Amino acid sequence: MTEVEHLPRLSIASLGGTVSMQADAPGRGVTPSLDCEKQLALLPQLRELAQLEIATLCLVPSASLSFVMLLEVLAWARAEIEAGSQAVILTQGTDSLEETAYFFDLLWPYDAPLVLTGAMRSASQPGSDGPANLLAAAQVALAQESRGRGALVVINDQIHCSTRVRKTASLAMAAFESPGSGAIGELVEGMAVYRQMPCPRAVLPLPERVEHRVALLEACLDADTALLQAVAAFGFEGLVIAGFGAGHVSSAWSDMLGELAPNLPVIVATRTGSGTTARSTYGFAGAEIDLQSKGVHMAGQLCPRKCRILLWLLLGTGQQSSLCSWLPH
Ligand code: ASP
């Protein structure tokens, strides 16, 4: 047996994003252009840690990923684990990372880690963070302590759970946070050190259908109800509202949500960026007591974007009646 054959098998796929971006000429904007092979060429030491199985599944900015593409990525990742990989790493854009990580987490049935990472600086910028993040992702992916934690986001030497992680800065290097709970762990001298125990996980079956749509709208001052009316008229099957404060909307929106809720699942989350929605504090029209009495679900800790992912997957598997059990207070 060669030395390489003793190493664990680790699968890495590139989906695109800044981590794969370069300018094709000086002064031009960067675009996804480095495939997985080229990204790994920037990090030769990775081959000392593992036998690498690599793939470039797409090369797109992460705003252009779709649920169908993610299901294809998931099928590849599952096949890699079934073929004996100890873990899977996905490199992608950071813009939608908080959503894709939660999507994968809800569908990841293995103890083996699925680790997502990206970069805030492109491969052509000095101090590019892509190679460092990829190395950290591999160190986390190969650590025994990472097993049983579902899909993890590893970036800027922090380890985040996919339920909480959010991109909270547009261009800063420290762009990711897990509001409320903080990162679950960090990289210390190349080792994954966890500060929180693994949470019990529930996993959904693969969706049986994919054509359905869930709308996400943000409540804001003096907004009329035209877009809410359009949600039903355009055939959306679910609706998420990024509500004011503890999960509130105007009285006009509340009336409209009350009309929609008997026909499609409606979730109201908080648009604030951290904290939970209330259940029993405020008594005005448009607050949580009023909304719940109309059949609207309060999101609890789950941010609006992750609520939309959850609702889309539940609708796809016909499990929307279990929605409440997925919304932690
Ligand atoms: N700015 C993004 C990134 O950090 C672009 C994307 O999400 O694809 O990767």
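Source: prediction; values computed, not measured. The residues of the chain are indexed from 1 along the displayed sequence.
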Are any side-chain N or O atoms of Glu99 and backbone N or O atoms of Ile309, one a donor and one an acceptor, separated by less than 3.5 Å?
no

Could you give the distance from CD1 (Ile89) to CD1 (Ile12), rounded to the nearest 0.5 Å?
4.5 Å

In Å, rounded to the nearest 0.5 Å, how long is the span from CG of Leu34 to CG of Leu42?
6.5 Å

Residue pair Arg195, Glu186: steps toward the salt bridge (charged side-chain N to carboxylate O under 4.0 Å, His left out) verdict
CA-CA 8 Å; Arg195 307 292 181 202; Glu186 60 193 316; 2.5 Å; yes

Among Val60, Val73, Leu97, Asp95, whose side-chain contact (heavy atoms from CB on, under 4.5 Å) with Leu65 holds?
Val60

Verify same cluster id: Leu71, Val214 (apolar side-chain graph, 4.5 Å):
yes

Within the supplied structure, the quantity of interest is the number of heavy atoms (other residues, nucleotides, ligands) at a distance under 6.0 Å from Gln144 CD; does it exceed 12?
no

Take atom CE of Met191 as the centre, draw a 6.0 Å sphere, and report whether it contains more than 12 heavy atoms from other residues, nucleotides or ligands.
no

For Gln196 and Ser181, run side-chain hydrogen bond (donor to acceptor under 3.5 Å, both in side chains): C-alpha distance rounded to whole Å, both residues' side-chain angles, the deciding distance at 0.1 Å, then the answer.
CA-CA 9 Å; Gln196 293 174 29; Ser181 56; 4.9 Å; no

Distance-only, no hydrogens or angles: does the Asn133 side chain make a donor-acceptor pair with backbone N or O of Gly118 under 3.5 Å?
yes

Interatomic distance, OG@Ser14 vs CD@Glu37, rounded to 0.5 Å, equals 10.0 Å

Find the distance between CG (Leu59) and CE (Met21) and round it off to the nearest 0.5 Å.
9.5 Å

Holding to salt bridge (Lys or Arg N to Asp or Glu O under 4.0 Å), I want the full list of residues that pass it with Glu145, two or more places apart in sequence or in another chain.
none

Ignoring hydrogens, what is the shortest heavy-atom contact between Leu327 and Ala299? Give both atom names and the distance.
CB-O, 3.7 Å

Exercise answer: donor-acceptor pairs, residues 230-253 side-chain atoms, under 3.5 Å, sequence neighbours excluded:
unit_1	atom_1	unit_2	atom_2	d
Glu237	OE1	Arg209	NH1	3.4
Glu237	OE1	Arg209	NH2	2.6
Glu237	OE2	Arg209	NH1	3.2
His248	NE2	Glu288	OE1	2.7
Ser250	OG	Trp253	N	3.1
Trp253	NE1	Ala223	O	3.3
Trp253	NE1	Asp224	O	3.1

Donor + acceptor pair across side chains of Ser85, Glu53 (<3.5 Å):
no

Just how far is it from atom CG of Asp157 to atom CG of Asp129, taken to the nearest 0.5 Å?
10.5 Å

Using side-chain heavy atoms (C-beta onward) and a distance below 4.5 Å, is Arg271 in contact with Cys220?
yes

The reported gap from CG in Leu114 to CD in Glu80 (rounded to nearest 0.5 angstrom) is 12.0 Å

